[in-house]
Protein chains: 2
Amino acid sequence: MSPKQQRGVATADLLLDAALRVYAEKGEQGLTVSAVTKASGVSLGSLYHHFGSIDGLVEALTLRWMGRMLGDVVTALQRSRTARSGIGALVRAYLDFIQEHRDAALLVHSPAADRKGMADGNQARASQEAPVSAFAAWFQPHIEAGEIAPLPMPLIESLVLGPVIGLARRWLSGIEDVDLDEAARILPERIWRSVSAEPK
Amino acid sequence: MSPKQQRGVATADLLLDAALRVYAEKGEQGLTVSAVTKASGVSLGSLYHHFGSIDGLVEALTLRWMGRMLGDVVTALQRSRTARSGIGALVRAYLDFIQEHRDAALLVHSPAADRKGMADGNQARASQEAPVSAFAAWFQPHIEAGEIAPLPMPLIESLVLGPVIGLARRWLSGIEDVDLDEAARILPERIWRSVSAEPK
DNA sequence: ATCTTTCTAGAAAAACACTCTAGATCTCTG
DNA sequence: CAGAGATCTAGAGTGTTTTTCTAGAAAGAT
């Protein structure tokens, strides 16, 4: 990588890092162009050169962290052999991530994330669907092996991820009644019951 | 209610209705102060008198529809006698609502909704916690009766609502692979397996 | 009848995202 | 190794959007 490109990447990183700091400190409202340029020391022109718009910057930031989170989750999945242990690993990886990167997780779980990620068929889709299809790819053999019930994949995803995401949102929003350790202990067993092929 | 108050409420309603129309037509970006004042025929001053800010207006709109949605769901719950049928009624009520009020549901499921609803301890909390605690109140007896497993209430809520919300978000975002009728048939049984007290 | 409060109105101010031109730094080719 | 071309940095300037502020109309209270 040439020095010029290096500098470009470094500038983009400065902006992304600064944007997350600003978001953590001042929230969604405070995440303005001037706040980010001040916090990063990078000029307005550079911001627009690299990201095109403030939404572009937020989208890039969201995708970066969404990618990291889904990467953690998929890695945890792929290390697991049985469907049951995979669900446990997934839940732990997800909850670990939001505890370790609370601010980033808040951004990823924000409404903007849904929009940006899904709205128009841009590169967002690619970087999201890779992990999502990895998710489906991991479950497929377990369906065929008779461990997981042969439900439509969207339903399996909702049953497995829905409770975890719901709990994560609740914890992220600052509600005090959520004990993530307890959840990590109890949820996998319960999710397993909902998607397993065994008769009840 | 005095005529003056009546007019005030009518004006606020005009603004809320117009805001939803604007949102439905032009999306989140298009939901500006001037668009709402034009669409409603109400002046700028009135908007700020009633809602204080554009965010205040959006928050009020979100809470109004969130209240209606949770109201539908809780009503469906309360008509059910057994835990199992309650879960089925809840799922159907939820999915019916998002189909019937797609635009409002999009707003309610947007990121802004999480923020606004939970962030600061304002009246938002009250209008949300009423239905939520109604939810808990309905489940409590079924836990004590041994139908539902004695899990912490946040976990029960996540297990029951998480999959439904996840699927709803997916459908609302326009992904084509979700069949809500099929989901309404399959999900209740699966959710029931996850929270029921019976041994597996 | 006048005083007070609530509501409506829109001009003016402030904040904001974004564009545009200029110039610096690096690469690559003749 | 000179200089043409590409990429990146810089910030003043533009247009739009939110918000504030002052004024006045309508209703109820005394």
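Chain identifiers are assigned alphabetically (A, B, ...) following the order of the sequence lines, protein sequences preceding nucleic acid strands; residue numbering begins at 1 within each chain.
Partners of Thr32(A) by side chain to side chain contact (heavy atoms under 4.5 Å, CB included), not counting sequence neighbours, listed by chain and number: Ser34(A), Ala35(A).
The CD-C1' distance, from Gln29(A) to dA14(C), rounds to 16 Å in whole Å. Atom CZ in Phe51(A) sits about 13 Å away from atom C1' in dC8(D), given to the nearest Å. Here the C1' atom of nucleotide dT9(D) and the NE2 atom of His50(A) are 8 Å apart, to the nearest Å. Nucleotide dC8(D) holds its C1' atom 12 Å from the CG atom of Leu15(A), rounded to whole Å. Taking atom NZ of residue Lys38(A) and atom C1' of nucleotide dA10(D), one finds them 16 Å apart after rounding to whole Å.
The shortest distance between the side-chain N/O atoms of Thr11(A) and the OP1/OP2 oxygens of dC8(D) is not below 4.0 Å. Between Ser43(A) and dA10(D) there is a side-chain polar atom (N or O) within less than 4.0 angstrom of OP1 or OP2. At dT9(D), none of the side-chain N or O atoms of His49(A) fall inside 4.0 Å of OP1 or OP2 (strictly under the cut-off).
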Pick out the pairs of N or O atoms, protein on one side and nucleotides 22-24 of chain D on the other, that lie under 3.5 Å.
none

Atom pairs under 3.5 Å, N or O on each side, protein against nucleotides 15-21 of chain D: can you list them with distances?
unit_1	atom_1	unit_2	atom_2	d
dT18(D)	OP2	Val33(B)	N	2.9
dT19(D)	OP2	Tyr48(B)	OH	3.1
dT19(D)	OP2	Ile54(B)	N	3.0

**Request:** Show the numbers, then the answer: is there a ring-ring contact (aromatic ring centres under 6.0 Å, His included) between His109(B) and Tyr94(B)?
**Result:** CA-CA 12 Å; His109(B) 286 82; Tyr94(B) 202 107; 5.7 Å; yes
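The closest side-chain heavy-atom distance from Leu70(B) to Phe135(B) is not below 4.5 Å. Side-chain contact between Pro154(B) and Asp179(A): absent, with no pair of heavy atoms (C-beta onward) separated by less than 4.5 Å.
Electrostatic pairing of Asp177(A) and Arg170(A) counts as a salt bridge here, judged by a charged N lying under 4.0 Å from a carboxylate O.
Counting all heavy atoms, side chain and backbone alike, Trp192(B) lies closest to Ala83(B) at CZ3-CB, 3.7 Å.
Proximity of a side-chain donor or acceptor of Ser40(B) to a complementary backbone N or O of Val42(B) within less than 3.5 Å is detected. Between the side chain of Trp138(A) and the main chain of Leu77(A), a donor-acceptor pair closer than 3.5 Å is present. Checking side-chain atoms of Arg92(A) against main-chain N and O of Ala184(A) turns up no donor-acceptor pair under 3.5 Å.
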